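Step one of this worksheet: look at the structure below.
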Amino acid sequence: MSFGVLARAAGMGRVAPVVMSLTTFAGSAQFAAVAVLGAGGSAVTAVVAALLLNSRYGPIGLSIAPSLRGNGAARFVQSQLVVDESWAVANLGGGRFDGRMLIGAGLCIYVAWLAGTIAGVAGGDFIGDPAKLGLDAAFPALFLALLAPQLAHRRALVAAVAGGVIALALVPVARAGVPIVAASAAALVGWRRR
Amino acid sequence: MNAPWAAVLLIGCGTIAIKAAGTVIVGGKDLPPRVMGLFEALAPALLAALVATQVFGGDRELVIDARTPGIAVAVIAVWLRAPVLVTVGLAAGATATARLVV
């Protein structure tokens, strides 16, 4: 919902934000694009920022790939339902993912995201800043809660620590999104140690 | 076509392609154990990176703000094996409270 409100405030009109939620379905990239456009940045800058942010879905898509069944078309549809949250709740640990959980969670989030965007665009000016409710801490807390049970294995722990350190180290020097992609290299660190 | 629409269409197509790439290429096949080991470590690495950047990430800088007490509370809650929803609620509450106080 906050996306719809922000996008309208950034001068995107009413229809473009909704189409964006329909096709892009990746909150952080959409916010980034709107932020760039709202600050007077060019369309090219907005596209580069958003796609860099979404490049994390490359390794994320790879991580779920072995767990997905079905033909190419079915896997394609499933892959589109991947967002940080649906991916995280479908994560069973040990490199396995629950395909049905991914679809269920993905669809729920998709519908909610779309409805929220429409509501926001239609005039959600009464809604306060989501940060006031602490919602910006809710997602990392969710990810942490989902990460914790996986840390029983030493390899996973090493990968998690390395991934977090790599990401934090890159935040000051790299565009948003890049630190997450680079953190996937941490999986390699653990691999070599074995 | 104006700039927002061009951006919307390009970002949409690009994102669909990125999301599809990994799954369509690799999906449905069983992988050798050594490669599976790589995938096993990928999820924790990415999750940890998401947590770290969403808590401390600013605009090209690391910041300690109201999100920090939120995640600290979440760490304690996870340590005490609180249910996921309780953990998330406590973290949001702690961050909201910190914003009110400061």
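Chain A is the first sequence line, chain B the second, and so forth, proteins listed ahead of strands; every chain is numbered from 1. Just the heavy atoms: all of them, side chains too, but no hydrogens, waters or symmetry mates, feed the values below. Note that the structure is predicted; figures quoted are calculated from it, not measured.
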Per-residue contacts, residues 71-83 of chain B versus chain A, heavy atoms under 4.5 Å: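 Within residues 71-83 of chain B, near chain A: Ile71(B), Ala74(B), Val75(B), Val78(B).
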If you count heavy-atom pairs within less than 4.5 Å of chain A, which of Gly58(B), Gly93(B), Ala94(B), Ala92(B) leads?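 Most heavy-atom pairs under 4.5 Å with chain A: Ala92(B).
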Looking at chain B, which one of [options] has the largest number of heavy-atom pairs inside 4.5 Å, strictly under?
options                                    : result
Leu144(A), Leu142(A), Val161(A)            : Leu144(A)
Gly164(A), Pro140(A), Ala138(A)            : Pro140(A)
Ala148(A), Gly163(A), Ala162(A), Pro149(A) : Gly163(A)

Results of side-chain contact (heavy atoms from CB on, under 4.5 Å) for Val63(B) - residues two or more places apart only: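 Scan of Val63(B) (side-chain contact (heavy atoms from CB on, under 4.5 Å), adjacent residues dropped) gives Glu61(B), Asp65(B), Arg67(B).
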Among all residues two or more places apart in sequence or in another chain, which pass the side-chain contact (heavy atoms from CB on, under 4.5 Å) test with Ala167(A)?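 Counting only residues at least two positions away or on another chain, Ala167(A) forms a side-chain contact (heavy atoms from CB on, under 4.5 Å) with Pro179(A), Ala183(A), Ala49(B), Thr53(B).
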Check whether any side-chain heavy atom of Phe56(B) sits under 4.5 Å from a side-chain heavy atom of Val171(A), and report yes or no.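 Of all side-chain heavy-atom pairs linking Val171(A) with Phe56(B), none is under 4.5 Å.
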Is Ala156(A) close to chain B through its backbone or its side chain, or both, or neither, when contacts mean heavy atoms under 4.5 Å?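 Contact with chain B: backbone and side chain both.
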Fellow cluster residues of Leu170(A), listed by chain then number, with links counted only when side-chain atoms sit under 4.5 Å apart: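 Ile166(A), Val173(A), listed by chain and number.
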Minimum heavy-atom separation for Ala137(A) and Thr95(B), please, with both atom names.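 It is CB-OG1, 2.9 Å.
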